[in-house]
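In what follows, a structure is listed as structure tokens, so that the remarks can point back to it.
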Amino acid sequence: MHRPADLPFDNSYARLSPAFYDVVDPSPLPDPYLVAFNPDAAALLELDPTEASIAELLRYLSGAGRLPGSEPIAQVYAGHQFGVWVPRLGDGRAILLGEVRNGRGESWDLHLKGAGQTRYSRHGDGRSVLRSAIREYLASEAIHGLGIPTTRALAVVGSDQPVQRESVETAATLLRLAPSHVRFGSFQYFASLGATDRVLELADYVIGRHFAELAGAPDRYRAWFGEVCRRSARLMAQWMAAGFAHGVMNTDNMSVLGLTLDYGPYGFLDDYDAGFICNHTDTEGRYAFAQQPGVGMWNCARFGEALLSLIDVEEAQQELESYWPAFMAEYARLMRAKLGLLTEREEDAALLRDLLALLQAERLDYARTFRALGEFTTTDAAPAMAHQTAALGGWAGRYAVRLSAEGSLDSERAERMRQVNPKYVLRNWIAQEAIERAQERDFALIDQLRRLFAAPYDEHPGMERFAEPPTAEDREIAVSCSS
């Protein structure tokens with residue numbers, strides 16, 4: 001195990017041309033205190049999780065000192081924000097401290113959010129607030145617990161330094177981990193400048209480090225673009241199956257590795273609503289829940305345009321067209337599993353479509369309904385679902401016929417469904433309770449929730465209230481781009 005001062009850094013991104021970043025150190029937070037530490041994420045770095053090591057880490061994560069071996073930089077990128085082109089963005093409140101290589105040969109970016117101003121801050125203060133740091137800490141671990149590719153969260157450090165958002169809040173930093181923080185917008189920035197040599201340099205870097213099976217192949221750029229499209233499509237399918245809405249699917253928030261990146265005003269469905277808008281800043285609903293797959297495709301198209309100095313336009317279009325088949329195949333696979341179906345049949349799409357329509361019409365909770373379906377019995381279908389709604393009872397008859405057609409055994413199916421339909425999802429009311437306690441310097445719930453959402457399919461006796469839907473008052477919780 002490594003102490004923080006002994007982490008084995010391998011700062012490959014800092015070896016790229018200086019055009020890709022600006023060298024900058026974090027700005028210190030006054031009187032920092034530890035809010036949360038994640039031993040599961042620490043294990044990725046082979047970081048010693050003892051109290052002495054955590055106390056040492058606090059100094060570095062508050063910006064009071066530079067981690068030995070790190071080379072802090074702010075990455076530059078551009079992007080389409082809510083569909084509007086912004087020619088230069090970049091890490092305006094986050095700093096890539098460096099990359100740590102563990103004993104398994106994995107390389108992890110250490111990315112410190114809320115680290116202070118950089119040249120890309122665009123008149124912002126470069127800070128995160130405690131509220132948003134806790135939301136990302138919990139969300140990235142909850143998404144990981146669901147088996148969805150994501151950045152990870154190592155620690156949150158707080159301070160009483162005031163930060164002005166929609167109201168005055170207190171500052172915090174979040175250290176997150178990912179194999180890479182390169183985005184679609186990283187390529188868009190250089191393509192928009194006509195810097196095709198930099199597009200080539202970055203593409204070779206990403207392929208060499210993260211798509212090594214393609215390195216050296218004559219059609220590697222085309223094959224790589226196609227793989228990014230398909231990874232993105234599968235990620236969208238996983239979000240949809242989980243009932244997760246990202247909230248800000250700008251091209252600068254799209255990972256070239258197909259990871260869930262940049263948690264802001266996210267939300268999990270309570271009552272099923274295809275038009276659910278989790279971000280009250282999104283007044284036109286561009287990133288509403290059901291819009292996500294289409295936005296993912298649109299973003300991939302913009303990414304492909306940035307690569308046209310490397311790929312023929314017709315070949316790029318052919319690869320882009322692999323997006324929808326990849327999405328549909330993954331979504332169908334995931335939803336069959338959520339319904340406990342072992343085989344694929346033509347009528348499955350209509351069965352699922354009609355179930356979602358019923359959920360919307362009857363305002364049924366998404367996660368709780370699918371969890372309850374695990375207790376469905378083919379021998380007594382209608383009474384088994386009577387506690388949900390009479391309308392769903394009618395659909396249940398069709399479901400029973402479909403299950404019987406493949407010889408489904410209720411007990412075996414129930415066990416399978418418990419493993420893919422979570423009992424616990426990170427609803428906004430849960431995150432808000434953790435935030436409010438943390439603002440009173442009570443951080444115990446944050447760690448309880450981290451452990452809960454690491455195993456969301458299990459029962460967790462004593463934690464049942466976190467499986468409950470929101471109250472009428474909790475439904476009024478609003479999140480925005482400041483979240």
Side-chain angles (χ1 to χ4, degrees), residues 79-86 135 139 143 146 148-150 183-185 188 228-255 258-305 320-332 334-335 338 349 352-361 363-367 370 425-428 475 477-483:
H80 286 86
Q81 298 198 319
F82 291 89
V84 178
W85 172 247
V86 182
R135 281 180 57 84
I143 288 291
L146 292 169
I148 301 173
T150 178
R183 310 140 185 276
F184 289 7
Q188 289 182 288
V228 174
C229 290
R230 292 183 289 275
R231 286 193 189 189
S232 301
R234 290 191 290 268
L235 180 65
M236 296 301 106
Q238 290 172 302
W239 287 0
M240 298 299 289
F244 174 75
H246 182 279
V248 193
M249 287 181 61
N250 299 332
T251 56
D252 54 291
N253 293 338
M254 293 288 289
S255 161
L259 304 174
T260 310
L261 177 67
D262 284 339
Y263 292 88
Y266 64 83
F268 283 88
L269 292 173
D270 294 312
D271 295 346
Y272 180 81
D273 178 7
F276 170 56
I277 301 170
C278 63
N279 177 4
H280 78 71
T281 310
D282 186 8
T283 55
E284 297 182 1
R286 178 180 178 83
Y287 299 138
F289 175 69
Q291 298 294 332
Q292 293 181 133
V295 172
M297 171 73 166
W298 191 89
N299 287 346
C300 285
R302 305 291 78 74
F303 177 48
E305 290 169 353
L320 181 64
E321 288 172 0
S322 70
Y323 176 96
W324 281 118
F327 170 82
M328 296 303 297
E330 180 71 357
Y331 184 68
L334 292 169
M335 298 309 289
K338 287 178 73 67
L352 174 61
R353 181 181 65 246
D354 292 346
L355 173 61
L356 296 180
L358 281 170
L359 263 61
Q360 176 127 4
R363 300 187 61 82
L364 295 180
D365 189 274
Y366 184 76
F370 274 97
V425 294
L426 182 58
R427 302 172 189 270
N428 274 339
R475 290 178 187 274
I477 295 172
V479 292
S480 68
C481 286
S482 71
S483 302

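Only a predicted model underlies this, so the values are computations on that prediction, with no experimental measurement involved.
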Smallest heavy-atom separation, Pro149 atom then Gly258 atom, equals CB-O, 3.6 Å
Here the ring-ring contact (aromatic ring centres under 6.0 Å, His included) pairs for residues 274-297, sequence neighbours left out, are Phe82-Tyr287
Taken to the nearest 0.5 Å, the spacing of Leu358 CG from Arg353 CZ works out to 11.5 Å
Sequence neighbours excluded, the answer for salt bridge (Lys or Arg N to Asp or Glu O under 4.0 Å) partners of Asp262 is Arg176, Arg183
Scanning both residues in full, the closest heavy-atom pair of Ala288 with Gly275 reads CB-O, 3.8 Å
Applying side-chain hydrogen bond (donor to acceptor under 3.5 Å, both in side chains) to Gln292 and not counting sequence neighbours gives none
Looking only at heavy atoms, the pair that brings Lys338 and Ala241 closest together is CE-O, 3.4 Å
Across all chains, not counting sequence neighbours, the side-chain hydrogen bond (donor to acceptor under 3.5 Å, both in side chains) partners of Thr251 are Gln188
Ring geometry between Phe303 and Phe184 (parallel below 30°, tilted from 30 to 60°, perpendicular above 60°): parallel
Asp271 meets the salt bridge (Lys or Arg N to Asp or Glu O under 4.0 Å) criterion, sequence neighbours left out, with Arg363, Arg475
side-chain contact (heavy atoms from CB on, under 4.5 Å) with Tyr366: of Leu269, Val425, Asp270, only one passes, and it is Leu269
**Message:** Set out, in order, the CA-CA distance, both residues' side-chain angles and the distance that settles side-chain contact (heavy atoms from CB on, under 4.5 Å) for His246 and Leu235, then state yes or no.
**Reply:** CA-CA 11 Å; His246 182 279; Leu235 180 65; over 6 Å; no
Nearest heavy-atom contact between Gly285 and Ile277 is CA-CD1, 3.6 Å
When rounded to the nearest 0.5 Å, the distance separating CE of Met254 from SG of Cys300 is 5.5 Å
Just by distance, do the side chain of Asn279 and the backbone of Thr281 share a donor-acceptor pair under 3.5 Å?
-> yes
After noting the C-alpha distance and the side-chain angles of Arg135 and Asn428, does the key distance pass the side-chain contact (heavy atoms from CB on, under 4.5 Å) rule? CA-CA 9 Å; Arg135 281 180 57 84; Asn428 274 339; 3.1 Å; yes
Applying side-chain hydrogen bond (donor to acceptor under 3.5 Å, both in side chains) to Asp282 and not counting sequence neighbours gives none
Interatomic distance, SG@Cys229 vs CD@Glu321, rounded to 0.5 Å, equals 10.5 Å
Is the shortest heavy-atom distance from the side chain of Ile148 to the side chain of Ile143 under 4.5 Å? yes
Across all chains, not counting sequence neighbours, the side chain to side chain contact (heavy atoms under 4.5 Å, CB included) partners of Ala326 are Arg230, Ala233
Residue pairs passing the side chain to side chain donor-acceptor pair (under 3.5 Å) test with at least one member in residues 293-303, sequence neighbours excluded, are Arg302-Glu305
Separation between CG (Leu261) and CG (Asn250), nearest 0.5 Å, reads 11.0 Å
Residue set satisfying salt bridge (Lys or Arg N to Asp or Glu O under 4.0 Å) with Arg286, at least two apart, ordered chain then number -> none
Sorted by chain and number, sequence neighbours left out, side chain to side chain contact (heavy atoms under 4.5 Å, CB included) with Ala274 holds for Tyr272, Ala290, Gln360
- Task: Dump the intermediate steps for side-chain contact (heavy atoms from CB on, under 4.5 Å) on Phe244 and Thr260, then the final yes or no.
- Result: CA-CA 11 Å; Phe244 174 75; Thr260 310; 4.3 Å; yes
- request: Just say parallel, tilted or perpendicular for the rings of Tyr266 and Tyr263, cut-offs at 30° and 60°.
  value: perpendicular
Applied to residues 288-300, the salt bridge (charged side-chain N to carboxylate O under 4.0 Å, His left out) test, sequence neighbours excluded, yields none
Review point. Backbone N or O of Pro293 within a donor-acceptor pair of the Tyr323 side chain at under 3.5 Å?
Key: yes
Point to revise | Main-chain N/O of Gly185 paired to Asp252 side chain as donor or acceptor, under 3.5 Å | key: no
For Glu330, the side chain to side chain contact (heavy atoms under 4.5 Å, CB included) test, sequence neighbours excluded, returns Arg234, Ala237, Gln238, Arg333, Leu334
| query | Under the side-chain contact (heavy atoms from CB on, under 4.5 Å) criterion, do Val295 and Met236 qualify, and how do the steps go? | reply | CA-CA 9 Å; Val295 172; Met236 296 301 106; over 6 Å; no
_Do Phe370 and Asp365 make a side-chain contact, defined as non-hydrogen atoms from C-beta onward lying under 4.5 Å apart?_
no
